[in-house]
Trainee: 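Starting off with a structure, shown below.
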There are 2 protein chains.
Amino acid sequence: MSDTAKTLPRLDESLLSHVPPFSKLEKRQIREILDMASVRRLGEGVAVFEEGAPAERFYMLLDGYIRVMRITATGEQVIALHIPSGQLFGIAKAIGRDTYPATSVTASEAIILSWPMRVWDDFVARYDGFATETYKTLGQRLGEMNNRIVEMATQQVEQRVANALLRLINQTGRKVEGGIEIDFPITRQDLSEMTATTLHTVSRLLSAWEKQGLVSSRRKRITVTDPHRLVLMCRGGVPT
Amino acid sequence: MSDTAKTLPRLDESLLSHVPPFSKLEKRQIREILDMASVRRLGEGVAVFEEGAPAERFYMLLDGYIRVMRITATGEQVIALHIPSGQLFGIAKAIGRDTYPATSVTASEAIILSWPMRVWDDFVARYDGFATETYKTLGQRLGEMNNRIVEMATQQVEQRVANALLRLINQTGRKVEGGIEIDFPITRQDLSEMTATTLHTVSRLLSAWEKQGLVSSRRKRITVTDPHRLVLMCRGGVPT
DNA sequence: TGAGAAGTTTGTGCCACCGCAAACTTCGTC
DNA sequence: GACGAAGTTTGCGGTGGCACAAACTTCTCA
């Protein structure tokens with residue numbers, strides 16, 4: 001709802017030159033692509049698009065984090081995925097859809113590029129490596145979802161939360177003194193929506209882990225101080 | 001393990017002419033494609049490929065059903081998906097992978113075509129509509145998985161099993177007297193592996209539903225006699 | 001036709017986790 | 001710097017559905 005912007009001053013080619021779907025392109029081509037893009041700077045917690053809406057644009061996250069979620073008929077939220085910067089999202093066309101299959105919300109401040117969906121086929125046809133790289137990240141996301149299904153089907157809450165934390169620090173971790181911190185604000189509630197449990201249970205688990213020196217957390221911030229022991233946690237056994 | 005066959009007598013073009021990824025092609029092109037294919041006839045419960053194996057071939061299911069599953073480190077099985085005839089599967093290349101992300105097993109007797117993965121890029125480049133249709137089914141499967149995640153995160157066992165049944169009769173249902181039957185042999189165990197519960201719980205549920213006239217079942221066979229009331233079941237409330 | 005395998009049903013006890021509730025802490029803002 | 005909103009912690013009771021166990025039924029194949 002809040003802060004939008006049109007085509008900002010002028011985007012530098014280096015913005016995209018190292019980003020997988022565009023990394024094989026010449027400077028000239030990246031220029032073309034950037035000239036077609038709109039830029040927006042969004043605050044935390046802003047919806048980029050809603051599930052079911054006609055897929056009119058596709059997006060590239062330049063900075064920040066995006067949370068992909070779905071909302072059930074009864075109003076419960078389920079977080080499907082977090083997307084780090086440098087990835088495309090909202091690429092409904094890539095999977096033959098004309099509406100977005102889920103809602104995307106910023107998990108932090110974010111900068112996003114976007115293009116009208118009608119140029120999608122051009123991108124695929126014209127830019128070498130674009131399609132390939134796109135489908136590679138799609139495959140990764142698919143694999144991740146698959147893993148989550150297996151986890152939810154076979155693991156206990158404790159292990160699921162541990163897994164979720166590890167995945168977060170792997171994908172979006174930032175090294176700080178004393179451990180690895182999740183690079184965006186995240187609440188117990190969020191974590192519970194990622195692991196199919198309640199914020200109460202997550203809170204209890206984090207408190208326990210904090211006492212054991214596995215993690216340390218403040219409001220909306222979580223730092224994993226002992227990833228190794230957290231990995232052990234994923235495979236069942238309660239440590240001493 | 002059991003029954004294999006090489007290129008059988010001679011496949012008829014009509015086999016593929018109505019199957020989405022090939023439906024836009026000319027007879028000549030379908031001939032080409034068929035001439036490159038191997039055919040196999042498989043019994044029930046035979047593995048087509050295993051998770052993690054190098055993705056050397058991709059497949060088209062001509063008849064029967066395929067079950068896509070994963071096995072955890074502790075040996076538990078989780079069924080991710082059932083694939084009905086007329087769909088491609090094992091298309092690792094489409095998502096930028098060079099190993100299969102899951103195991104595929106026949107859920108019934110089945111007839112499958114297959115091609116070496118190296119012709120994949122040719123297929124995409126040469127055959128109009130092939131890529132598009134492929135990604136459409138990919139999108140559907142992604143959506144299904146997404147739905148399962150949401151279900152497992154928000155619903156009770158009873159609702160999840162009801163949902164699983166409904167999905168099965170939607171996708172693979174066969175009309176019989178007195179209801180719609182799932183078109184391939186399926187055990188309580190299978191159903192429990194699809195819904196993250198135990199075979200005991202599934203058995204109890206089915207027994208209860210049978211008493212209420214919602215379903216009727218025999219060994220390895222399930223018929224939904226009152227789909228409408230089963231739909232109600234999905235949304236919580238216990239009926240009279 | 002009979003023995004074993006595979007699949008199903010049913011009972012009982014128990015515990016991990018949720019639901020509810022209430023107090024507490026941290027942050028933003030006027 | 002005080003108020004309210006947002007986020008967190010903690011206690012307690014209840015219960016859904018799992019684990020374990022055992023009998024039963026239906027198929028298969030010799």
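FYI, side chains are in, hydrogens and waters are out, and symmetry mates aren't considered; it's all heavy atoms of this structure. So that the names make sense, note that chain A is the first sequence line, chain B the second, and so on, each numbered from 1.
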Trainee: Less than 4.0 Å between a side-chain N and a carboxylate O, is that true for B:Glu193 and B:Arg67?
Mentor: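 No, this pair does not count.
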
Trainee: Give a yes or no answer on whether the side chain of A:Thr187 reaches the backbone of A:Asp190 with a donor-acceptor pair at less than 3.5 Å.
Mentor: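 It does hold such a pair.
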
Trainee: Can you tell me if A:Thr74 and A:Thr72 form a side-chain donor-acceptor pair at under 3.5 Å?
Mentor: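 A donor-acceptor contact under 3.5 Å links the two side chains.
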
Trainee: Starting at atom CD1 of B:Ile186, determine the distance to atom C1' of C:dA6, rounded to an integer number of angstrom.
Mentor: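 So the two atoms are 16 Å apart, to the nearest Å.
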
Trainee: How is A:Leu206 classified with respect to the nucleic acid when contacts are heavy atoms under 4.0 Å: base, sugar-phosphate, or nothing?
Mentor: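 A:Leu206: no heavy atom of the nucleic acid under 4.0 Å.
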
Trainee: Over all strands shown, is A:Ser203 touching base, sugar-phosphate only, or nothing at heavy-atom distances under 4.0 angstrom?
Mentor: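 Since a base atom lies under 4.0 Å of A:Ser203, the category is base.
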
Trainee: Can a donor-acceptor pair be found between the side chains of A:Arg148 and A:Asn163 at a distance below 3.5 Å?
Mentor: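 On atom types as modelled, these side chains do not qualify, holding no pair under 3.5 Å.
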
Trainee: What nucleic acid atoms does A:Ala196 come within less than 4.0 Å of, heavy atoms only: base, sugar-phosphate, or nothing?
Mentor: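 It contacts sugar-phosphate atoms only.
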
Trainee: Let me know the distance between CG of B:Leu199 and C1' of D:dG17, rounded to the nearest Å.
Mentor: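 It is 13 Å, rounded to the nearest whole Å.
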
Trainee: Between C:dA5 atom P and B:Gln189 atom CD, what is the distance in whole Å?
Mentor: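 Result: 18 Å.
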
Trainee: Taking the side chain as every heavy atom from C-beta outward, state whether B:Gln87 and B:Leu61 have any atom pair closer than 4.5 Å.
Mentor: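 In short, these two side chains do not touch, never coming nearer than 4.5 Å.
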
Trainee: Starting from C1' on C:dT25, measure out to CD on A:Glu210 and report it in whole angstrom.
Mentor: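 Result: 14 Å.
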
Trainee: Starting from the 5' end of DNA chain D, give me the residue, A:Val202 or B:Arg219, whose nearest nucleotide shows up first.
Mentor: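 Whichever sits nearer the 5' end wins; that is A:Val202.
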
Trainee: Between atom CD in A:Gln155 and atom C1' in C:dC17, what is the gap in whole Å?
Mentor: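 So the two atoms are 16 Å apart, to the nearest Å.
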
Trainee: Using whole Å, report how far CG of A:Asp190 lies from P of D:dG7.
Mentor: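 After rounding, the gap between these two atoms is 8 Å.
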
Trainee: Check the interface with nucleotides 11-16 of chain D: list each N/O to N/O pair with the protein under 3.5 Å, or write none.
Mentor:
unit_1	atom_1	unit_2	atom_2	d
D:dG11	N7	A:Arg204	NH1	3.0
D:dG11	O6	A:Arg204	NH2	3.1

Trainee: Would you mind reading off the distance between B:Glu76 atom CD and D:dC18 atom P, rounded to a whole angstrom?
Mentor: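 It is 12 Å, rounded to the nearest whole Å.
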
Trainee: Determine, stepwise, if the pair B:Glu144 / B:Gln171 fulfils side chain to side chain donor-acceptor pair (under 3.5 Å).
Mentor: CA-CA 12 Å; B:Glu144 249 177 74; B:Gln171 293 172 358; 3.0 Å; yes

Trainee: Counting just side-chain N and O atoms, does A:Thr201 come under 4.0 Å of either OP1 or OP2 of C:dC18?
Mentor: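 Answer yes for this pair, as a side-chain N or O of A:Thr201 is under 4.0 Å from OP1 or OP2.
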
Trainee: So A:Tyr59 and A:Phe89, would you call those rings parallel, tilted or perpendicular, with 30° and 60° as cut-offs?
Mentor: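 Ring orientation of A:Tyr59 relative to A:Phe89: parallel.
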
Trainee: Figure out the CD1/C1' separation between A:Ile222 and D:dT8, and round it to whole Å.
Mentor: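 After rounding, the reported distance stands at 12 Å.
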
Trainee: Can you work out whether A:Thr197 or B:Arg188 has the more 5'-proximal nearest nucleotide on DNA chain C?
Mentor: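 Looking at the nearest nucleotide for each, B:Arg188 comes out on the 5' side.
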
Trainee: OP1 or OP2 of C:dC18 versus the side-chain N and O atoms of A:Thr198: is any pair under 4.0 Å?
Mentor: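 Affirmative; the distance criterion is met.
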
